[in-house]
Amino acid sequence: MNQELPKAYDPSSIEEKWAKFWVEERLFDVATPAGEADPDKTFVQLLPPPNVTGRLHMGHMLNQTEMDILTRWHRMRGDTSVWVPGTDHAGIATQMMVERQLAAEGTTTRQQLGREAFTERVWKWKEQYGSAITDQMRRLGASVDWSREYFTMDERLSRAVKESFVRLYEQGLIYRGAYIVNWDPQIQTAVSDLEVESEERAGSLFHIRYDLADGSGSLVIATTRPETMLGDVAVAVNPTDERYTAFLGKNLILPLVGREIPVVADDWANPEFGTGAVKVTPAHDPNDFAIGQRHNLPSPNIMDERAHIKLEGSPYDGLDRFEARKRIVADLEAAGHLVTIKDHTLTLPVSQRTGAIIEPRLSMQWFLKIQPLADKAIEAVDKGYIKFTPDNYRKTYGEWMKNIHDWCISRQLWWGHRIPAWHCGDCGAINVSRETPTDCTRCGGAKLVQETDVLDTWFSSGLLPFTVFGWDGSDKLTPDLAAFYPTQLLVTGFDILFFWVARMIMLGCHFMLDVPMPDGSQRTLADAVPFREVYIHALVRDADRQKMSKTKGNVIDPIEVVTKYGTDAVRFTLASQASPGTDIAFSEARTEGYRAFANKIWNAARFLQMQIERGHEAGYKVSLGAHDSISLELPEQTPLETRWIFARLSTVCADVERSLADYRFDEAANAVYQFFWGEFCDWYLELVKLRLEFTAEKNEITALTLGALVSVFEAALRLLSPFMPFITEELWHALYASVGNESPAKSIALTRFPQAGDFANDALSVEAMNTLQELIVTVRGLRKELGVPEKEATPIQVHANNRISALADANSDMLARLARVSSVELVHEAPTGNSARATANFDVAVIYERQIDVVAERERLEKDLAKYDKGLQAAERQLNNEGFVAKAPAHIVEGLKKQAAETRALKDKAQAALDALPAV
RNA sequence: GGGCGGUUAGCUCAGUUGGUUAGAGCGCCUGCCUUACAAGCAGGAUGUCGGGGGUUCGAGUCCCUCACUGCCCA
């Protein structure tokens, strides 16, 4: 005999064991299908790759819990289920991490090391620490295919990135040019629009007087950034602004500098803002840059890559931009040019990665011409080739796509995919090439220097849906692509909808159109998409609905909570609240509740183990052969409660299935919870105690019940398994061990997901059980009211129709067990008085000689009466309404009539009971 | 400024195409160590569905409006 389960559920003692087992046994690795894959039986999804520098946070855990539930569910349904994990090289984050490490060591800097040695260092860092986050995933039991794990800088993926760049360039979709970009002066690279956040801060609006060159007067401009005046090339006023008409075409003398600059008319100048006159600094402001273009103005750059003033000979040369501002304002004041300083709230662009204030900077960058790609991406969603859940993200996506800007894909970093372009030292031509070129294609010169920029990290992650399946740019259909592309689903957060989701759609639609279908035919847009569906989940907040943030200090570490309550409980908490579009307020109290749920199941398993043991000793054998315990044919003598539990199991299976198909993790989790605790444990386990008398002479009912008990529990474990993989794995193996059968699979995760059709669904027994449950609950309530001591059994009287009377009579053993009923007397008149209670289905009285609390009873009855009155009035109001009777569907009218009649009867009975109450 | 969402029990949230008298979990109150489980069992209380107006026989659900609130974009 197997060893007994410990008395209380202790997740720490089982989880690591199974997590390790799943990985070591390679249970979730999927080989490429040999023949043609059936798309309807294939479930493929890509894990949104966490940063290699990352640690798991609650958002990851929610994301992965949802993905894991879906993957485990599909796998158990027999689908080829591939969940591909990997990590992102995270250009900026990783480079920063290593630079910080260098700084801490204090011996060298990135610049001193040089590019090659530095990237070596980063690789070393990656080898040492890069698996931290995937190790956390392993611990949490994510059922990913580790054999397919990738890193975005892997040789194979890098080749694909290079190829896609070259092709986009050859297609004329990549260009290089000097534009204003968002410059992060801390890490000293351009970042994309998406990587910039705006923050409101208190600042000042400086009014500065610029004198006319002809000495005929002056004009006052307003600016929030006086230090950029060193790069001013004009002052703009609105052409409609009459205050400045006379100034147009004249020149101003730039204070402190002495340079002459023109006054130009431009619509951008807002007469309402400041003084209506704005300085124009094309190299340091995107709007000014546009003005400069319109008026053919030069764009002198006055800052270096650290955002320090770079103006040889200037007294401000070398100063940090904010220091320069102070000095310039002081000097302006001294020179009498500072008119006033007003308080002003300004919106500052801040780098998402470093927190540094972005410096708009004119610089040479690589761009991806996005419109042609966006057009296809818009079409793919409009035509329904990709479905969003919740649906409103379709609109968000569409809006963004329609207003999309060209994508700045170059980064001035050392860690990343280096752009495959070589500059010719002789003629300046750009050579974009798959292989390192030896001479310039234009002039034949050999002085080729590779571009130093790398590609935006999102460029490579945007290719993942096909690069992970072996796409190398050759348009060859690899076996993995044939079997697994497009993937079925992408589960992710809305924060990377534009960063990643939209880019995968654009790049997928672009490149995959050229890869043929498995049958050799031309691929259409419908099959070029990277995924069929996108499920966008919400944010995990703290228990008070506050966004988690390091500064607020309310960040919940999933690993800590998991250590405290178990992975299953945390997963269940997240799942039970994961309703599409709703943020999750994560509260430990709730997790505690789901640990209690796990404990409940644990103890149910112990109960079963004890019964199986008792059975064994008495010679009752149970067997659990196949894991798909199909119990469609119930023997005739099967007791009511067993018929009922099978029917309920069947219905719940259908409910869970439907909910999961709709991404209603909350509904699915709650259905399993309710079934396991509220029906299986609360009712079925109590009722089977009646049957499990292991007499020496074999009792058919006992044998049958024991078999059913084990079979229902085993199926329920499978139903719960996608949600709580650890405890179900443990108990499932323990159950087979108790029974003495070898388990039919290495893991419960490889068994069949229970289906509604697997179990007999006897509707009549459900109805009968419902009535009995109602009777039991009513009697329990009455007993409490009458003050019957818990342990004392009492007789009851029941008045009901023949069917219900017979039911109560035949199941008096249930009533005895669950409601302490000593005997059931069927009576012809409805019992009245203090110890009676009326329901729509029956009247019941508990026979007990004790004075009740008249005051409390009166209060209760009056409350009931009020409730019945209210209901009755509502019903009558409708029934007396001709329009309602005429127009409402018949079943609604009939239902209401029936209900009204029942309510009237209950009301009369309550009134009678009230009248019968003795005066106080 | 533009767009999207939310407001239902003390808390966190469900509520399917409008249809009978609005639900769950947690918390709360009362009584129980009933040999699977006190991380438990049994019973109980709790809502003018944000305000106002409209459509309809019928509105938590649809429309308008106001208030509060969150997010995204500029």
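Within every chain, numbering begins at 1; the chains are lettered A, B, ... in the order of the sequence lines, protein sequences first and strands thereafter.
Between A:E641 and A:W683, the side chains place no donor N or O within less than 3.5 Å of an acceptor N or O (distance only, hydrogens not considered). With hydrogens and angles left out, the side-chain atoms of A:S822 and A:T794 include no donor and acceptor closer than 3.5 Å. In summary, the side chains of A:S12 and A:D10 do present a donor paired with an acceptor at a separation below 3.5 Å, with no hydrogens or angles considered. Between the side chains of A:D666 and A:N670, no donor-acceptor pair of N or O atoms lies under 3.5 Å. For A:R606 and A:Q609, the side-chain atoms include no donor-acceptor pair closer than 3.5 Å.
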- Task: Test A:E790 against A:K784 for salt bridge (Lys or Arg N to Asp or Glu O under 4.0 Å), laying out the working first.
- Result: CA-CA 8 Å; A:E790 295 272 344; A:K784 281 266 193 217; 3.1 Å; yes
- Task: Start with the C-alpha gap between A:Y673 and A:Y594, add the side-chain angles, then the distance that decides, and say whether ring-ring contact (aromatic ring centres under 6.0 Å, His included) holds.
- Result: CA-CA 9 Å; A:Y673 180 94; A:Y594 291 122; 5.5 Å; yes
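Between A:R664 and B:rG15 there is a side-chain polar atom (N or O) within less than 4.0 angstrom of OP1 or OP2. Between A:Y397 and B:rG3, a side-chain N or O to OP1/OP2 separation shorter than 4.0 Å is absent. Distances shown here put every side-chain N or O of A:R590 at or beyond 4.0 Å from the OP1 or OP2 atom of B:rU12. At the phosphate of B:rC4, neither OP1 nor OP2 sits under 4.0 Å from any side-chain N or O atom of A:T396. The side chain of A:W400 contributes no N or O atom lying less than 4.0 Å from OP1 or OP2 of B:rA74.
Atom pair A:F494:CZ and B:rG3:C1' shows a separation of 15 Å (rounding to whole Å applied). Atom CG in A:D391 sits about 13 Å away from atom C1' in B:rG5, given to the nearest Å. Rounded to whole angstrom, the span from the OH atom of A:Y594 across to the P atom of B:rC37 amounts to 24 Å. Put simply, CG on A:D10 is 14 Å from P on B:rA39, counting in whole angstrom units. The separation between A:I892 atom CD1 and B:rU21 atom C1' is 13 Å, rounded to whole Å. Atom pair A:F713:CZ and B:rC37:C1' shows a separation of 12 Å (rounding to whole Å applied). As a whole-Å value, the separation of A:E588 CD from B:rG27 C1' is 16 Å. The distance from atom CE of A:M401 to atom C1' of B:rG3 is 17 Å, rounded to the nearest whole Å.
In this view, A:R503 satisfies the salt bridge (Lys or Arg N to Asp or Glu O under 4.0 Å) rule with no residue, not counting sequence neighbours. For A:K689, the salt bridge (Lys or Arg N to Asp or Glu O under 4.0 Å) partners at least two apart in sequence or on another chain are A:E686. Legend: residues meeting salt bridge (Lys or Arg N to Asp or Glu O under 4.0 Å) with A:E592, ordered by chain and number and at least two apart, are absent.
For the C1' atoms, the distance from B:rC63 to B:rC26 is 36 Å, rounded to whole Å. As rounded to the nearest Å, B:rU34 and B:rG19 have P atoms that lie 47 Å from one another. The P atoms of B:rC33 and B:rA38 are separated by 14 Å, rounded to the nearest whole Å. One C1' atom belongs to B:rA9, the other to B:rG44, and the distance between them is 15 Å to the nearest Å. Across B:rG53 and B:rU12, the matching P atoms stand 29 Å from one another, rounded to whole Å. Between the C1' atoms of B:rU61 and B:rU7, the separation comes to 15 Å (whole Å). Only the C1' atoms considered, B:rC29 is 28 Å distant from B:rA36, to the nearest whole Å. Nucleotides B:rA59 and B:rU20 have their C1' atoms positioned 14 Å apart, rounded to a whole Å.
Set against B:rU12, B:rG43, B:rU20, the side chain of A:A585 has B:rU12 as its closest nucleotide.
Remark: A:R664 does not engage A:D662 in a salt bridge, criterion side-chain N to carboxylate O under 4.0 Å. Salt bridge A:D869/A:R904: absent, no basic N to carboxylate O contact under 4.0 Å.
No contact: A:E399 has no heavy atom under 4.0 Å from any strand. Among the heavy atoms of the strands lying under 4.0 Å from A:T903 is at least one base atom, whether or not backbone atoms are also near. Nucleic acid contact for A:K395: sugar-phosphate only, since backbone atoms but no base atoms lie under 4.0 Å from a heavy atom of the residue. When heavy atoms are screened at a 4.0 angstrom cut-off, A:G593 is found touching no nucleic acid atom at all. If you check every strand for non-hydrogen atoms under 4.0 Å, A:S579 touches sugar and phosphate atoms only. Within the 4.0 angstrom heavy-atom criterion, no nucleotide atom of any strand lies near A:N670. Within the nucleic acid shown, A:V777 comes within 4.0 Å of sugar-phosphate atoms alone, with no base atom in reach, counting heavy atoms only.
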Could you list all N or O pairs between the protein and nucleotides 55-61 of chain B that sit under 3.5 Å apart?
residue	atom	partner	partner atom	Å
B:rC57	OP1	A:K887	NZ	2.1
B:rC57	O2'	A:N881	OD1	3.4
B:rC57	O2'	A:N881	ND2	2.5

Please list each protein N or O that sits under 3.5 Å from an N or O in nucleotides 29-36 of chain B, with the distance.
residue	atom	partner	partner atom	Å
B:rA36	OP1	A:K689	NZ	3.3
B:rA36	O2'	A:N603	OD1	2.9
B:rA36	O2'	A:R606	NH1	2.8
B:rA36	N7	A:K689	NZ	3.4
B:rA36	N6	A:C681	O	3.3
B:rA36	N6	A:E686	OE2	3.1
B:rA36	N3	A:N603	O	3.2
B:rA36	N3	A:A604	N	3.4

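The residue from A:V350, A:I358, A:L348 that alone fulfils the side-chain contact (heavy atoms from CB on, under 4.5 Å) condition with A:V196 is A:I358.
Of the two residues near RNA chain B, A:Q674 and A:E894, the one whose nearest nucleotide lies more 5' is A:E894. Annotation: of the two residues near RNA chain B, A:F498 and A:Y9, the 5′-most nearest-nucleotide partner is A:Y9.
Under the 6.0 Å cut-off for aromatic ring centres, A:Y9 and A:F726 do not qualify, their centroids lying 6.0 Å or more apart.
Counting only Watson-Crick and G-U wobble pairs whose two distances sit under 3.5 Å, RNA chain B takes part in these stems of three or more pairs: B:1-7 with B:67-73, B:10-13 with B:23-26, B:28-32 with B:40-44, B:50-54 with B:62-66.
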